[in-house]
Amino acid sequence: MPELPEVETIRRQLDPAISGAVITDCVTFDHPKFTPAHLAVGRRVVSVGRRGKYLLVHLLPDGAATGSAAGNGEHLIVHLGMTGRLHVDADRRRATGTDDEPYRRARWTLADGRSLVFTDVRRFGRIAVVPNGAPTGLATLDRMGPEPFDPAFDALALRSGVNASRRAIKTQLLSQQLVAGLGNIYADEALWAAGVHPAARRLTVARAERLAQAIRSVLSAGIEAGGTTLRDYRDANGDSGGFQFQLHCYGRAGEPCDRCAAELVRTVIDARSTTFCRVCQRR
DNA sequence: CGATTTCCCTGGCCGC
DNA sequence: TGCGGCCAGGGAAATC
């Protein structure tokens with residue numbers, strides 16, 4: 001369940017590892033969600049970026065100079081879905097991809113003999129290659145709200161966005177349209193930290209300020225800890241994150257609230273398991 | 001046309 | 001021990 005902190009952790013590891021590398025070959029699992037990976041062949045990696053939960057690998061044609069007539073290049077977009085993992089494999093003997101590793105969905109061979117490998121047990125992930133600057137055709141990405149650390153994301157924008165819809169605030173946070181990068185874990189944590197009921201449909205100015213700040217601080221702490229590993233998540237080095245030891249709310253139904261000691265309860269909002277404290281999270 | 005529901009996937013876990 | 005059934009859940013397609 002990679003959310004913004006997990007994807008950012010991987011981005012920070014991959015950027016120095018593959019920037020400058022040239023993609024010379026590719027093999028994929030035969031499914032339309034993954035076969036677009038082939039379109040990255042013949043390109044050079046400029047840098048590894050991120051938007052919400054999407055990794056955006058900036059590509060230019062091999063040999064092109066930045067800002068040349070080759071244009072603005074392309075983005076190799078990788079969404080990790082639920083169980084996606086990316087890592088760099090330095091074993092040249094496996095570069096052709098003829099040997100099989102379980103659940104591999106794509107392997108990009110690099111000119112220096114290494115390769116970038118994407119595995120995804122449950123195939124909720126997705127790969128695309130699109131011209132930089134154009135709509136990606138991925139609806140969630142094209143409609144994505146501001147990054148949580150962007151000045152465009154503030155309490156007033158959050159409040160007006162929430163109040164403009166009748167949907168539960170938890171649902172809206174997961175939609176990616178009010179703010180980018182929250183998934184079920186960090187949404188529950190942020191709502192708990194801000195003292196906002198997950199089914200609330202309106203925010204006061206004061207609560208919007210608390211929630212905007214909580215979103216930023218929860219995501220910062222998640223990045224700082226290298227993400228949350230409950231089961232599947234591993235970073236680009238194969239290591240687990242550490243934020244699972246700092247969770248106050250997510251997955252703790254039945255346990256006492258760290259703030260008021262009341263029993264945390266589980267409910268379902270928009271088909272998503274939701275944990276919260278009835279006492280300190282008011283509508 | 002925006003809101004809501006369904007479906008995609010498979011490993012892990014629970015209970016019998 | 002074996003196995004059926006259920007759960008996890010982001011996002012896109014289908015439907016309301």
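Every chain is numbered from 1 and lettered A, B, ... according to where its sequence line falls, protein lines coming before strand lines. Treat the numbers as computed from the prediction; the structure is a model and nothing was measured. FYI, side chains are in, hydrogens and waters are out, and symmetry mates aren't considered; it's all heavy atoms of this structure.
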Double-helix bend of the helix from B:dG2-C:dC16 to B:dC16-C:dG2, axes at both ends from 5 pairs, round to 10°, gives 50°
Is the distance from OP1 or OP2 of [N] to the nearest side-chain N or O of [X] less than 4.0 Å?
X      : N      : result
A:K33  : B:dC9  : no
A:R123 : C:dG11 : no
A:Y54  : C:dG10 : no
A:H79  : C:dG10 : no

Between the side chains of [Y] and [X], is the shortest nitrogen-to-carboxylate-oxygen separation below 4.0 Å, so that they form an ion pair?
X      : Y      : result
A:D258 : A:R252 : yes
A:E263 : A:R278 : no
A:D270 : A:R167 : yes

Which residue lies more 5' along DNA chain B, comparing A:S165 with A:R105 via nearest heavy atoms:
A:S165
Can you work out whether A:A271 or A:A164 has the more 5'-proximal nearest nucleotide on DNA chain B?
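Closer to the 5' end of DNA chain B: A:A164.
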For [X] and [N], what is the distance between atoms [atom1] and [atom2] respectively, to the nearest whole Å?
X      : N      : atom1 : atom2 : result
A:D120 : C:dA8  : CG    : P     : 19 Å
A:E3   : C:dA8  : CD    : P     : 15 Å
A:L80  : B:dT10 : CG    : C1'   : 17 Å
A:M82  : C:dC7  : CE    : P     : 15 Å
A:L230 : C:dC7  : CG    : P     : 18 Å
A:Y103 : B:dG12 : OH    : P     : 8 Å
A:R122 : C:dC6  : CZ    : C1'   : 12 Å
A:Y186 : C:dG10 : OH    : C1'   : 15 Å

Does a donor on one side chain and an acceptor on the other come within less than 3.5 Å for A:H75 and A:T136?
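The answer is no; no qualifying pair exists.
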Name the nucleic acid region contacted by A:R166, choosing base, sugar-phosphate or nothing; use a 4.0 angstrom heavy-atom cut-off, strictly under.
nothing
Within the structure shown, what part of the strands sits under 4.0 Å from A:S273 by heavy-atom distance: base, sugar-phosphate, or nothing?
sugar-phosphate
Keeping A:E3 on the side-chain end and A:Y186 on the backbone end, is there a donor-acceptor pair under 3.5 Å?
yes
On DNA chain C, does the nearest nucleotide to A:T140 precede the nearest nucleotide to A:R231 from the 5' side, or the other way round? Give the residue.
A:R231
Under 3.5 Å donor-acceptor pair, A:R126 side-chain atoms to C:dG11 base atoms
no
Whether A:F124 stacks on the six-membered ring of C:dG11 base, 5.5 Å and 30° limits:
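No.
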Nearest listed nucleotide, side chain of [X], among [options]:
X      : options                : result
A:H31  : C:dG11, B:dG11, B:dC9  : B:dC9
A:A139 : C:dA12, B:dT5, B:dT10  : C:dA12
A:L174 : C:dG11, B:dT10, C:dG10 : C:dG10

In terms of hydrophobic clustering (I, L, V, M, F, W, Y; side-chain heavy atoms under 4.5 Å; direct or indirect links), are A:L39 and A:V41 co-clustered?
yes
A:F34 and A:H31 aromatic ring geometry - parallel, tilted or perpendicular at 30°/60° bounds
tilted
With a sphere of 6.0 Å drawn around CD of A:Q246, does it hold more than 12 non-hydrogen atoms of other residues, nucleotides or ligands?
yes
